[in-house]
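A short write-up of the structure that comes next.
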2 protein chains.
Amino acid sequence: MNQPGLRERKKRKTRLALIDAALDLFAAQGYEATTVDQIAAAVDVSPRTFFRYFATKEDVALSSPVDGQEVMLRELAARPAEEPPFVALGHAMRAVVTALQEGDLTETARFLKTRELVESTPALFAGSIRRMMENERRLIAEIARRESTSPDDLLPHFAVSLFTAVARVGFESCHPRSPQDLPAFGERLEQILALAERSLRPGWDRPRSGADAARPGG
Amino acid sequence: MNQPGLRERKKRKTRLALIDAALDLFAAQGYEATTVDQIAAAVDVSPRTFFRYFATKEDVALSSPVDGQEVMLRELAARPAEEPPFVALGHAMRAVVTALQEGDLTETARFLKTRELVESTPALFAGSIRRMMENERRLIAEIARRESTSPDDLLPHFAVSLFTAVARVGFESCHPRSPQDLPAFGERLEQILALAERSLRPGWDRPRSGADAARPGG
DNA sequence: GTAATTTATGTCAGCCGCTGACAGATGACA
DNA sequence: TGTCATCTGTCAGCGGCTGACATAAATTAC
């Protein structure tokens, strides 16, 4: 049993406790109105300790979607190389949604709570977008790797950028609140992916003739 | 001569002085390392007064691009109704770039300084994106109006979202530093717009059969 | 099982962004 | 010139966040 030591388990526990306490307080009285002191007090921990687990108050609120992005990237890397970029991205996203539907209930609940919070809190919305964009860079790199082109090629940028656009429209036009809403959300995503596919020329996301190369900082 | 009074002129002057002092300090020592007190001191104004001109430190840094978004929206509203959404958006953006090239030099300089700052400061980058997205809503509304569909229709969302994707790729792949770089930047934008057009089916951004309607909050 | 070492936590002091309240200065207007 | 509206400075204070130091707890070595 390669079980982590007591210390590790304890840390894991307080971390989750802090997240859940924070999410509950945020939902009850709003993100801005909740102080870090309150969160720390709810878990019986000193405020200073809170900042040893999370760099910022924003971090504790957005810790959950980060995991989703990790899943997404892993799934993308696992897609067969023959799939065109946009198709592979679509499948990776589907995998995230199914993981959400079939995964741990408490974790799914955290994810949904966070989504609601992000929607209703501009500051968190900005932070969420920022993380999404940092993740974009990794997606671009992965697509470039798959297609054996440079990450500075315009095509991976465009493909990923267009994909995030689709994902964003999905979240803007459908707001899942409970696990039961997830199937409908999945369907909505399919609808938008279909719209995108219908709007695009077949083969658009495959490199051609190397004409669109771009150097960074140009 | 409907000239504004002395009071108004003074306010305008301190406002610009604060922006320029802030931009210079940010460039010299970084955004985070610069305190509001320093900015206020540089303009010989109390820190409290600073916050009467700008709600946050972020605001003083991002005041310039906001104007660009206003121009963009105005230009879009002025485009002829026959133009399909994506074409109209493209022309509106071109208008912004030319306005930047032909407009007031000091203002263009502010814009470019801000761009550089935003690129190198994650916090500002997030804020910049957030403003961009708030603006997206207005663009969507305008497109919906032009096309006589509901703002809840998926199509305006998709069109605008895809357009912002293009704009973002433009800024990511070309970093204009001085007014002389603007022509090259314009060309880069054309290149990406061409790539987008080449990737999309003709007529994709025009509503068809009313099949893609979506209700909000579904 | 105890001692030595590492690591997590609490306490304290303090900076910085930001705000409300009040008082004094300054431009607007009759 | 005097009244009024508005802008500005001062002060006190909250909340996010950090460094430094001491203490407590878990891990490791003996």
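Lettering follows sequence order; numbering is per chain, from 1.
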Practice task
Look at atom CG of A:Asp104 and say whether more than 12 heavy atoms of other residues, nucleotides or ligands are closer to it than 6.0 Å.
Solution key: yes
Handout entry: pair B:Leu62-B:Arg131: side-chain heavy atoms closer than 4.5 Å
Key = yes
Handout entry: For atom CG of A:Leu25 and atom P of D:dG16, their distance in whole Å
Key = 12 Å
Problem - Electrostatic pair B:Arg138:B:Glu142 at N-O distance under 4.0 angstrom - result: no
Practice task
Ignoring backbone atoms, test whether B:Lys10 places a side-chain nitrogen or oxygen under 4.0 Å from the OP1 or OP2 oxygen of C:dG27.
Solution key: yes
Handout entry: Aromatic ring pairing A:Phe185/A:Phe171, orientation class (parallel under 30°, perpendicular over 60°, tilted between)
Key = tilted
Handout entry: Close approaches to DNA chain C from residues 34-60 of chain B, in residue order (heavy atom, under 4.0 Å)
Key = B:Thr34, B:Thr35, B:Val36, B:Arg48, B:Phe51, B:Arg52, B:Ala55, B:Thr56, B:Lys57
Practice task
Indicate the atoms forming the closest heavy-atom contact of A:Phe51 with A:Thr56, along with that distance.
Solution key: CE2-CA, 4.4 Å
Table of protein N/O atoms under 3.5 Å from nucleotides 4-6 of chain D N/O atoms:
{"residue": "D:dT6", "atom": "O2", "partner": "B:Arg7", "partner atom": "NH2", "Å": "2.8"}

Problem - Closest heavy-atom pair and its distance - A:Arg168, B:Ser161 - result: NH1-OG, 3.8 Å
Exercise for the section: Run the salt-bridge test on B:Glu172 and B:Arg188 with the 4.0 Å N-O cut-off and return the result as yes or no. Expected result: no
Completion exercise
Whole-Å distance, A:Leu6 CG to C:dT9 P, equals 11 Å
Handout entry: Nearest-Å distance for atom pair CZ/P, residues B:Arg12 and C:dG27
Key = 19 Å
Exercise for the section: Could you note down all residue pairs passing side-chain hydrogen bond (donor to acceptor under 3.5 Å, both in side chains) where residues 17-32 of chain A supplies at least one of them, sequence neighbours left out? Expected result: A:Asp20-A:Arg110, A:Asp24-A:Lys113, A:Gln29-A:Gln38
